Amino acid sequence: MTQNTENKDPEKQPNNPLHGLKLAGILESLVEKYGWEELGQKINIRCFTHNPSVNSSLKFLRKTPWAREKVEQLYLKSCHNS
């Protein structure tokens with residue numbers, strides 16, 4: 001099994017504001033800031049609106065690129081509006 005090192009090399013992503021951040025940390029930060037209910041309103045995906053948990057949401061986000069992109073964009077937007 002090969003390991004994805006795409007995001008590990010700082011020279012390949014010098015201007016990526018998410019570089020070095022883990023998806024779990026991003027999600028936990030958003031849940032802390034908004035709570036599950038508001039997060040589900042901002043990003044209407046089932047893992048946020050029906051019996052949400054960090055583990056189930058991470059499982060879904062890791063295999064669903066469009067949903068992960070929405071979460072990352074909300075995180076970036078919320079960091080700049082804090």
Side-chain angles (χ1 to χ4, degrees):
M1 180 177 244
T2 61
Q3 187 175 18
N4 181 0
T5 57
E6 179 180 322
N7 293 331
K8 305 267 188 226
D9 187 351
E11 292 178 13
K12 290 185 180 180
Q13 303 216 352
N15 296 318
N16 182 348
L18 296 173
H19 180 74
L21 298 176
K22 295 184 185 257
L23 183 57
I26 291 171
L27 180 59
E28 289 167 357
S29 176
L30 290 173
V31 171
E32 185 178 315
K33 180 172 182 138
Y34 298 113
W36 287 111
E37 187 173 340
E38 188 175 351
L39 187 56
Q41 292 170 358
K42 290 182 175 297
I43 305 173
N44 188 12
I45 52 179
R46 190 171 177 83
C47 66
F48 294 164
T49 61
H50 292 79
N51 202 16
S53 75
V54 171
N55 286 339
S56 66
S57 296
L58 286 173
K59 187 174 181 181
F60 176 76
L61 294 171
R62 286 183 177 130
K63 63 182 179 180
T64 315
W66 64 263
R68 181 180 182 142
E69 177 72 20
K70 287 184 178 218
V71 168
E72 290 172 344
Q73 291 305 312
L74 178 61
Y75 177 80
L76 290 174
K77 199 165 94 174
S78 68
C79 286
H80 295 295
N81 294 331
S82 296

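What you are looking at is a predicted structure, and each value in this text was computed from that prediction instead of being measured.
- Atom CH2 in W66 sits 5.5 Å away from atom CD1 in I45 (nearest 0.5 Å).
- In terms of heavy atoms, L39 sits closest to Y34 at N-CB, 4.0 Å.
- Distance check: S29 OG to L21 CG gives 9.0 Å after rounding to the nearest 0.5 Å.
- Taking every heavy atom of both residues into account, F60 and A67 meet most closely at CE2-CB, 3.6 Å.
- Residue Q73 holds its CD atom at 11.0 Å from OG of S78, rounded to the nearest 0.5 Å.
- From K70, atom NZ reaches atom CG of L61 across 12.0 Å, with rounding to the nearest 0.5 Å.
- The structure places SG of C47 at 8.0 Å from CG of L27, a figure rounded to the nearest 0.5 Å.
- Inter-residue side-chain proximity for W36 and V54 is flagged as met; some heavy-atom pair is nearer than 4.5 Å.
- When all heavy atoms of I43 and F48 are compared, the pair lying nearest together is O-CD1, 3.6 Å.
- Note: K33 NZ to E38 CD = 9.5 Å, rounded to the nearest 0.5 Å.
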